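Since the model is a prediction, treat every value here as computed from it, not as a measurement. Side-chain atoms are counted along with the backbone in the values below, which use heavy atoms only and exclude waters and symmetry mates. Sequential numbering from 1 along the given sequence is applied to the chain's residues.
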Amino acid sequence: MSKLYIVPTPIGNLEDMTFRAIRILKEVDLILAEDTRTSGKLLKHFEISTHMHSHHMHNEHKTVENVIVRLQAGENIALISDAGTPAISDPGFLLTRACIENGVEVECLPGATAFVPALVNSGLPNDKFIFEGFLPDKKGRQTRYLALAEETRTMILYVSPHKLVKTLAEFCTYFGEDRPVSVSRELSKLHEENVRGTVKEVLAHFEKTTPKGEIVVIVGGKPIVKEAKKNKFSEEE
């Protein structure tokens with residue numbers, strides 16, 4: 001029976017590629033890649049010669065139907081993104097849903113994704129958290145901030161480097177300058193950096209140091225204020 005494989009790829013360090021991921025990419029009939037030029041370098045490094053087709057956010061609505069036809073015809077296909085696990089703020093959801101609706105088996109391999117090491121590195125509570133991905137650029141951004149301002153769980157966001165300073169300044173407005181935050185940059189790469197502190201402190205750091213590379217931001221949730229227990233001896237009997 002044919003199958004769609006969701007295959008994570010390294011977020012930076014090529015040593016994070018798994019043996020299983022390499023084997024699957026060599027064995028399938030076709031690889032769907034977000035950017036064939038970027039993925040071509042990865043495949044060449046691991047001596048993978050499987051044919052690739054482009055599958056990205058701008059064409060996935062058009063390509064899904066054809067992929068389903070090929071899967072139903074008996075082909076095994078792998079989906080990869082430029083880095084990390086497909087469908088996590090990357091193309092993949094539409095194809096996965098279409099496969100399930102059409103009775104095609106889907107198997108997601110475990111592997112690299114940026115937000116897990118960023119969350120663990122942050123030192124912020126990780127027993128409960130929410131993943132927000134990229135915030136809306138304009139429409140709906142303020143509404144989302146107003147909702148997140150009341151969120152008590154640790155929050156995970158992806159932020160473009162050229163928007164980081166602006167985003168941290170917005171945190172000051174909506175979350176307060178003292179809210180704890182951790183910014184992880186270039187995870188698994190040579191120049192990995194984790195900057196932790198209050199929003200005000202981390203903002204000051206990146207106002208002086210231009211942020212570069214892939215960035216994950218972890219924000220502490222709104223503190224839960226517990227009501228003080230009433231002292232039964234303080235009331236007059």
Side-chain angles (χ1 to χ4, degrees), residues 8 11 57 81 83-94 96-97 108 110 112-188 192-232 234-235:
I11 59 174
M57 62 180 294
S81 62
T85 301
I88 303 296
S89 291
D90 275 323
F93 163 70
L94 292 178
T96 300
R97 182 177 64 181
C108 182
T113 188
F115 77 78
V116 173
L119 175 62
V120 175
N121 283 340
S122 73
L124 293 170
N126 55 29
D127 55 332
K128 295 180 181 180
F129 57 89
I130 62 167
F131 175 74
E132 280 293 311
F134 291 98
L135 290 174
D137 283 333
K138 295 180 180 179
K139 186 178 180 181
R141 191 175 181 89
Q142 182 180 24
T143 301
R144 195 74 208 119
Y145 268 130
L146 292 173
L148 293 176
E150 300 302 315
E151 177 59 64
T152 58
R153 295 167 292 182
T154 299
M155 296 169 276
I156 304 169
L157 299 97
Y158 287 166
V159 180
S160 301
H162 66 280
K163 294 181 180 177
L164 180 61
V165 170
K166 172 190 172 183
T167 300
L168 291 170
E170 291 171 339
F171 287 178
C172 288
T173 300
Y174 292 99
F175 302 149
E177 295 181 344
D178 295 328
R179 186 73 70 91
V181 66
S182 175
V183 174
S184 294
R185 188 180 66 81
E186 293 291 80
L187 286 165
S188 84
E192 176 176 331
E193 179 184 34
N194 295 282
V195 181
R196 310 173 184 88
T198 65
V199 172
K200 183 178 180 180
E201 292 168 341
V202 175
L203 173 59
H205 171 83
F206 285 108
E207 284 178 331
K208 298 176 182 177
T209 306
T210 302
K212 297 179 181 179
E214 301 293 327
I215 292 173
V216 185
V217 179
I218 312 296
V219 187
K222 181 180 180 180
I224 300 175
V225 179
K226 297 181 179 179
E227 294 184 8
K229 292 183 178 180
K230 189 179 290 184
N231 187 334
K232 65 180 179 178
S234 64
E235 298 180 350

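- A118 and I218 make their closest contact through O-CG1, 3.6 Å (heavy atoms, listed as atom of the first residue, atom of the second, distance).
- Of all the heavy atoms in L124 and P180, the pair that sits closest is CD2-CB, 3.8 Å.
- S184 places no side-chain N or O within 3.5 Å of a backbone atom of V217 that could act as its donor or acceptor partner.
- With contacts defined as side-chain heavy-atom distances shorter than 4.5 Å, the pair F175/L148 qualifies.
- In this structure, OG1 in T198 is found 10.5 Å from CG in L168, a value given to the nearest 0.5 Å.
- Under the side chain to side chain donor-acceptor pair (under 3.5 Å) criterion, the residue pairs touching residues 129-140 are E132-R144, D137-K163, with sequence neighbours excluded.
- For the side chain to side chain contact (heavy atoms under 4.5 Å, CB included) with V183, the lone residue among I215, N194, T167, V159 that qualifies is I215.
- Using a 4.5 Å cut-off on side-chain heavy atoms (C-beta onward), E177 and V199 make no contact.
- L203 pairs with exactly one of E201, K200, E207 by the side chain to side chain contact (heavy atoms under 4.5 Å, CB included) rule, that one being E207.
- Judged purely by atom type and a 3.5 angstrom limit, R141 uses its side chain to pair as donor or acceptor with the backbone of P136.
- Judged as a side chain to side chain donor-acceptor pair (under 3.5 Å), the pairs with a partner in residues 208-225 (not counting sequence neighbours) are, in order, E150-K222.
- Scanning all heavy atoms of the two residues, the minimum distance from L164 to P211 falls at CD2-CB, 3.7 Å.
- A pairwise comparison of heavy atoms in M155 and G220 identifies CE-O, 3.6 Å as the closest pair.
- Annotation: salt bridge (Lys or Arg N to Asp or Glu O under 4.0 Å) contacts of K166 (sequence neighbours excluded): none.
- Ring geometry, Y145 versus Y174: the interplanar angle falls under 30°, so the pair is classed parallel (tilted spans 30 to 60°).
- Between the side chain of T154 and the backbone N or O of N126, no donor-acceptor pair lies under 3.5 Å.
- Here the options are D90, V216, I11, I88, the test is side chain to side chain contact (heavy atoms under 4.5 Å, CB included), and the partner is T113; only I88 passes.
- Annotation for S81 and P86: closest pair N-CG, 3.8 Å, computed over non-hydrogen atoms.
- Atoms CZ and OG1, from F115 and T85 in turn, are 8.0 Å apart once rounded to the nearest 0.5 Å.
- Contact detail for G133 and S89: the closest heavy-atom pair is CA-OG, 3.9 Å.
- With a 4.5 Å cut-off on side-chain heavy atoms, L187 and N121 count as touching.
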